[in-house]
Amino acid sequence: MDINKEKHKKTNNLLILNGSIVNTEAKNTFKSDIVIENGVISRISKHITAGDFDKSIFKVIDASELIICPGFFDMHVHLREPGSEEEEDIKSGINSAIRGGITSLACMPNTSPVIDEPFLVEYLKMRSCANDYNIFPVAAITRNLEGKDIAEFGLLREAGAAAFSDDGRAVQNSKLMYEIMKYAAQMDVLLILHEEDYSFSEDGVVHEGYFSAAKGLEGISNLSEDIMIARDIILAKKTGARIHFTHLSSADSVNYIRLAKKEGIRVTCDVTPEHFYFNDEYIKDFNTNFKIKPPIRSEYDRKSIIEGIKDGTIDAIASDHAPHIDAEKNISFNEAAFGSIGLETLFKASITKLLKSEKIGLEKIIGLISAAPSEIMGAEKNNIKEGRQANMSIVDINCHEKYTKEMIFSKSKNSAFLNENLYGEVIYTIVNGCLRFINKIKSQGEDFS
Amino acid sequence: MSLKNILDIEELNKTHVLKIIESTGYFKEVLGRDLKKVPALRGKTIINIFYEPSTRTRTSFELAAKRLSADVINFSPSSSSMKKGETELDTIKTILEMKADLAVVRHKDSGFVKYISEHITIPVINAGDGRHAHPTQALLDLFTIYCHFKRMEKIKIAIVGDILNSRVARSDISLFKKMDLEVFTVSPSMLLPEDMSYFDTKNFECIDEIIGQCDVIYMLRMQFERQNKKFYPSVREYNRFFTLDFKRFNNMKEGAILMHPGPVNRGIEIDGRVLDMEDRNLAKIKIGEQVGNGVAVRMALLHYLLSQK
């Protein structure tokens, strides 16, 4: 919108000097300067002289110790608007995302009302535009997420739905799922699947294993996920539907997907940082920030997920940002809501666990949170190239500090990462050509939106 | 050696346990006197907060406090009328403004008592939280075994029944293993946790396989109220493999004892006719003695938590 463009004028002419640019395709990182004019990357070159540019028009960023990444894309976010604005709204969610270096996000339809009508998709697109941000609305697979009637895939897609999901719920009826997949294949739309067989998860609150036994908490078996993943691989093979499994948690699920990919079935998947960072031992003090769905599973599952990331079975990392007010978390474990916020820790947790502990290459990690999810969502692939509008995150990967509530931009503070020593910090975020976030002295950011 | 709360067996070490057992012996002696009261906690106020209905445990705590000359308040909020945790917590904080010195808490949710203890400053005793823990029951059970055998090491004990849903089983197994008893379980597959590595016990599928070898047969209450998924086929199937009937009672090892946390479901865990012989088998059936020992253990714990500075 024009008014916003005017507002951001001073921030869309930038000289970024001496940074290291991550190229996720070529899997390398190279030193270069970047010129951004009117929000568009006009030059990437090692031979840019700052003196050639008018300082009253161009803002100069010294990126000598920093890494320049394509803007992060979080394909699993709960913005809570409309309906639960006390937990998060589109504006606060965008602020939180920008704080986390995220320049695009897909938001899930389990709001109130559920995003199962074209006008609601249009509403989200409009709000995205008004905030000059890249929101990819995900619409419901079934009306009101009830697992009964198929939503209007065609009309919803025309309104701007980027994918379809009943996230938070799973279609239990296999025949219905078969019909959904046939139609999704015909319409060529992406299905994002939260996999959960309710008969195995019913009253469960944690992973079923050693710690559920020790703590007397109702467990959720791996089978809850495994059975549905296996079923839907079978159905995808039969129908040719494009399906994406979100927030994988179980070792066997990773194996089934690995086999499916070998067979050439069109499946992709993501994991959340919580599932590759923590194991179920973290629930031993009944800390409700670790109560998420699917549950944080055993160390064996966690290691299998890391393996899946290393060998390429897992395509992307997404936060499953799930804000909840204090009253829903500061409560007994059984009563507490499921979910952890994650927009602001997506990058940090990935750097801490995957780069620092597991020694996975930086380019691969950045690819998992930028190029890969944008490609799965059918968006223009996030990459830093001349002629493209600038969407980038400029980060420091070596600093580290204890993560605390005071640092959080989101309206809700229910993060599983509180008190963890996390590596990595987002220093600048550029969205659609505008510098939207400057981390002046780590964690003290300016709000540009 | 100072404990602020008694929430879970896991936080007790052997020294704590031995000290509690020793002190329980002293208070048991007090309970045997004509004048069953000592002034140890005169001027102290203890509040029993029971979110879950309980007669036995609450009465036992109340009696323990009164025998120590403390004042007791009983508070039974109905869980249903308080939906959100903040309200529960606010209620508890309000009550504590009335200057109680110690809270005894029971709740239907695992971990709730720990949650309360993290938000209030006075000591808390867990009187049972969900399927998680019931430490005072475990301590009174251990004391009962110790009184009978005068030792703990190498005592063979079979815990029979619903391991999955029982907080008593969880705390008992944890405590007995800590004190070097040999623990076995006897339970059908659907009443065992999926992952048994925490308990790390050998499980038997029928009580007959082990009844002649154990010093203690511990029958758990079938927690029908906590079995939201009823997968066990029937009572008569249970009778066939697990119920302690006359024949099995007679097959118990010489000198062995029978225990149960109460109240017994007659005809399910134990044949009613076996129970009716308790008077003639005082040495063998310890169910009544367990109740008496419960008061002594709770006196020891209240005294322990409130007399340290």
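Just so you know, these numbers come straight off a predicted model, no measurement behind them. Numbers restart at 1 for each chain; the letters A, B, ... are given by sequence-line order, proteins then strands.
Residues A:L217 and B:R131 are not in side-chain contact: their nearest non-hydrogen atoms beyond the backbone lie 4.5 Å or more apart. With contacts defined as side-chain heavy-atom distances shorter than 4.5 Å, the pair B:Y115/A:N330 qualifies. Looking at heavy atoms from C-beta onward, A:K215 lies out of side-chain contact with B:D129 at the 4.5 angstrom threshold. Inter-residue side-chain proximity for A:E335 and B:D109 is flagged as met; some heavy-atom pair is nearer than 4.5 Å.
Remark: A:E299 CD is packed, more than 12 non-hydrogen atoms of other residues, nucleotides or ligands lying under 6.0 Å away. Applying the 6.0 Å contact sphere to NZ of B:K4 captures more than 12 heavy atoms from other residues, nucleotides or ligands. The number of heavy atoms from other shown groups lying within 6.0 Å of OH (A:Y198) is above 12.
Atom OG of residue A:S212 and atom CD of residue B:E194 lie 8.5 Å apart, to the nearest 0.5 angstrom.
At a heavy-atom separation below 4.5 angstrom, chain B is approached by A:D285, A:F286 within residues 277-286 of chain A.
Across B:S110 and A:F333, no two heavy atoms sit closer than the pair O-CB, 4.2 Å. Closest of all the heavy-atom pairs between B:S197 and A:Y210 is OG-CD1, 3.3 Å.
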